[in-house]
Amino acid sequence: MKKLLYILLGLLILSCDKNNENHPVIQTDYISGVDISSFPEISLSNPVFYDLDGNQKNVLAILKKNGINTVRLRMRVKPDDGHCSLDEMRPFAQILQNMGFKIWLCVHYSDTWADPGQQETPAAWQGVSFNALKDSVYNYTKRLISSINPEYIQIGNEINSGFLHPQGHIDNQSQFLELLNEGVRAVREHSNKTKIIMHFAGTDASNWFFNLIRDVDYDIIGLSYYPLWHGKSLTPLKNTLSGLSQTYGKNILIAETAYPFTLEWNDWTNNIIGTEDQLILPDYPATPQGQKNFIHKIKTMVSEIKNGIGFCYWGAELIAWKGEQATDGSSWENQALFDFENKALPILEEFKILP
């Protein structure tokens with residue numbers, strides 16, 4: 001499968017060249033980003049995408065044309081299926097860099113999903129001494145930096161509860177901080193350009209968390225915001241963003257967000273969002289315009305904060321790529337940036353109009 005993936009990704013570059021697309025690096029510090037970590041896997045099914053005018057076009061060219069300047073990539077240590085591994089993401093990152101995208105690595109320090117409810121230590125690192133675990137964090141982070149040379153890197157994903165459980169659980173604050181600092185040290189010692197992001201999910205207890213890591217050497221505060229999990233009022237979000245940035249003197253961004261353009265399904269996989277009580281109503285209905293208005297509000301809110309530097313849309317690529325009857329397909333296809341015919345949605349227009 002790996003060989004086929006490299007061939008497909010190579011053809012993707014050629015298709016962009018045939019279209020005579022010019023892909024200069026966007027000279028801006030504002031992050032207009034998307035997380036498309038599953039695209040290498042999705043590309044194996046050869047989906048066809050269409051731009052806002054209905055023309056068939058390479059999906060990365062569509063994103064680039066609409067002002068997206070940063071791509072966030074999920075990194076796992078040794079995933080069972082090989083997806084989001086360094087072997088998969090390194091060639092994909094090279095393609096993106098050749099097109100002028102900035103790279104943002106979201107390091108999970110796990111073989112699987114890492115989030116506030118799950119921070120499972122990679123199988124190869126389990127049962128080792130604490131000093132050996134610190135060495136693993138340092139060496140793995142060093143390898144990522146040396147292999148991809150990203151503009152941004154997260155030391156952990158949504159680390160509200162710490163990471164690398166049980167040794168790095170936040171209840172054991174000293175060990176959590178030591179592990180965090182090993183990741184930071186690897187970045188600082190092997191890159192002069194990579195900015196470090198600390199990523200927290202939501203707003204509750206965020207001040208407590210960032211006070212805990214106040215002596216850690218990092219550059220950017222990142223928050224996740226999904227109405228389903230983090231509240232349906234945007235006012236507390238804006239107040240939190242402003243307060244954290246001022247208190248800790250850091251640039252700040254929305255590291256993850258998304259919103260549905262419909263409550264319908266395009267496969268038989270249960271969707272994360274499927275009912276009106278999960279929405280912010282009446283302001284943002286589950287329509288293409290409601291989705292666009294939501295991200296416009298997020299973008300505007302961040303830009304109004306003194307140190308706000310952008311946002312990243314999660315799951316931009318997660319169409320129902322396994323087919324309409326798949327029960328193990330996409331739980332996010334109604335929140336992607338493309339409709340059920342794989343046509344670009346109006347929300348994309350918001351990415352190219354930077355504050």
Side-chain angles (χ1 to χ4, degrees), residues 30-37 68 70-72 74 104 106 108 113-117 152 154 156-161 197-210 218 220-248 250-261 271-286 290-316 318 331-332 334-337 347 350-351 354-355:
Y30 188 87
I31 295 173
S32 182
V34 292
D35 189 311
I36 54 171
S37 300
I68 290 162
T70 304
V71 174
R72 183 175 184 257
R74 183 168 55 250
W104 168 350
C106 173
H108 281 225
W113 292 100
D115 55 39
Y152 309 98
Q154 291 176 215
N157 183 67
E158 296 186 329
I159 54 175
N160 303 36
S161 62
I197 300 171
M198 293 295 163
H199 181 201
F200 187 89
T203 59
D204 291 347
S206 58
N207 187 63
W208 177 88
F209 175 86
F210 287 103
Y218 70 100
I220 300 168
I221 292 173
L223 295 184
S224 294
Y225 173 70
Y226 300 100
L228 173 62
W229 296 302
H230 306 133
K232 298 173 187 175
S233 173
L234 295 174
T235 300
L237 174 62
K238 184 175 183 180
N239 291 340
T240 298
L241 290 168
S242 180
L244 290 174
S245 180
Q246 291 180 22
T247 300
Y248 301 106
K250 304 290 185 181
N251 287 333
I252 196 164
L253 51 71
I254 297 293
E256 290 185 25
T257 194
Y259 206 78
F261 63 88
N271 284 343
I272 301 293
I273 299 290
T275 59
E276 288 196 343
D277 63 338
Q278 298 171 314
L279 307 175
I280 302 177
L281 296 175
D283 295 335
Y284 307 106
Q291 183 192 47
K292 179 180 179 180
N293 290 347
F294 173 81
I295 212 65
H296 175 81
K297 181 65 175 180
I298 291 293
K299 180 182 70 175
T300 302
M301 178 187 304
V302 175
S303 70
E304 290 173 347
I305 296 168
K306 181 179 179 181
N307 295 318
I309 61 168
F311 70 98
C312 179
Y313 194 95
W314 196 90
L318 290 178
S331 61
W332 208 264
N334 66 331
Q335 298 188 73
L337 299 187
I347 184 176
E350 290 297 327
F351 289 83
L354 300 182

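This structure is a prediction, so every number in the text was calculated from the model and none was measured. Atoms considered below: every heavy atom in the structure, side chains included; atoms not considered: hydrogens, waters and symmetry mates.
- Atom OH in Tyr152 sits 3.5 Å away from atom CD1 in Ile31 (nearest 0.5 Å).
- A heavy-atom distance below 4.5 Å is not found between the side chains of Lys306 and Gln246.
- The aromatic rings of Trp113 and Trp314 are tilted relative to each other, their planes meeting at an angle between 30° and 60°.
- Side-chain N or O atoms of Asn157 include none that pairs as donor or acceptor with a backbone N or O of Cys106 at under 3.5 Å.
- The CE atom of Met198 sits 13.5 Å away from the CG atom of Leu223 when rounded to the nearest 0.5 Å.
- Shown here for Ile272 and Gln278, the closest heavy-atom pair between the two residues is O-NE2, 3.4 Å.
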Notebook entry, point to check: Taking it one step at a time, do Phe210 and Tyr218 satisfy side-chain contact (heavy atoms from CB on, under 4.5 Å)?
Noted result: CA-CA 11 Å; Phe210 287 103; Tyr218 70 100; 3.5 Å; yes
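- Between Ile347 and Tyr313 the shortest side-chain heavy-atom distance falls below 4.5 Å.
- Nearest heavy atoms, Ser206 versus Thr240: OG-CG2, 3.4 Å.
- Nearest heavy atoms, Ser245 versus Ile252: CB-CG2, 4.0 Å.
- Taking the six-membered ring wherever Trp is involved, the centroid distance between the rings of Tyr225 and Tyr259 does not fall below 6.0 Å.
- For the residue pair Gln154 / Trp104, a side-chain donor-acceptor distance below 3.5 Å is found, with atom types taken as modelled.
- The aromatic rings of Trp229 and Tyr226 sit perpendicular to each other, their planes meeting at more than 60°, with 30° as the lower class boundary.
- Taking CG from Asn307 and NZ from Lys250, the interatomic distance works out to 11.0 Å, rounded to the nearest 0.5 Å.
- Side-chain atoms of Ser303 come within 3.5 Å of backbone atoms of Thr300 as a donor-acceptor pair (strictly under, hydrogens ignored).
- With 3.5 Å as the limit, one finds no donor-acceptor pair spanning the side chains of His230 and Thr203.
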Next item on the list: Could you go through the side-chain contact (heavy atoms from CB on, under 4.5 Å) check for Phe261 and Lys292 one step at a time?
Entry: CA-CA 8 Å; Phe261 63 88; Lys292 179 180 179 180; over 6 Å; no
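- With values rounded to the nearest 0.5 angstrom, Leu253 atom CG is found 12.0 Å from Ile298 atom CD1.
- Ring orientation note: the planes of Phe311 and Tyr30 are nearly perpendicular, at an angle over 60° on the 30°/60° scale.
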Note to self: Let's go through Leu279 and Tyr284 carefully: what are the C-alpha distance in whole Å and the side-chain angles of both, what is the deciding distance for side-chain contact (heavy atoms from CB on, under 4.5 Å) to 0.1 Å, and is it a yes or a no?
What the structure shows: CA-CA 7 Å; Leu279 307 175; Tyr284 307 106; over 6 Å; no
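- Pairing each heavy atom of Ser161 with each of Pro116, the nearest pair is OG-O, 2.9 Å.
- For Gln335 (side chain) and Trp332 (main-chain N/O), no donor-acceptor pair under 3.5 Å exists by modelled atom type.
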Next item on the list: Let me see the working for Leu241 and Ile254 under side-chain contact (heavy atoms from CB on, under 4.5 Å), right down to the final yes or no.
Entry: CA-CA 9 Å; Leu241 290 168; Ile254 297 293; 4.0 Å; yes
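- Side chain of Lys299 to main chain of Ser32: no donor-acceptor pair is present (N/O by atom type, distance under 3.5 Å, no hydrogens or angles).
- Counting heavy-atom neighbours within 6.0 Å of Asp204 CG, excluding the residue itself, gives a total of 12 or less.
- In summary, of the residues considered (Ser331, Pro227, Pro260), a side-chain contact (heavy atoms from CB on, under 4.5 Å) with Ile273 occurs for Pro260 alone.
- Rounding to the nearest 0.5 Å places OG1 of Thr247 at 6.0 Å from CG of Asn207.
- Under a 3.5 Å cut-off, the side chain of Ser224 and the backbone N or O of Gly202 do not form any donor-acceptor pair.
- Atom CG of Asn239 sits about 11.0 Å away from atom CG of Leu234, to the nearest 0.5 Å.
- The shortest heavy-atom contact between Ala316 and Ala336 is O-CB, 3.6 Å.
- Annotation: ring pair (Phe, Tyr, Trp, His ring centres under 6.0 Å) contacts of Tyr248 (sequence neighbours excluded): none.
- Here the closest heavy-atom approach between residue His199 and residue Gly156 is recorded as CB-O, 4.2 Å.
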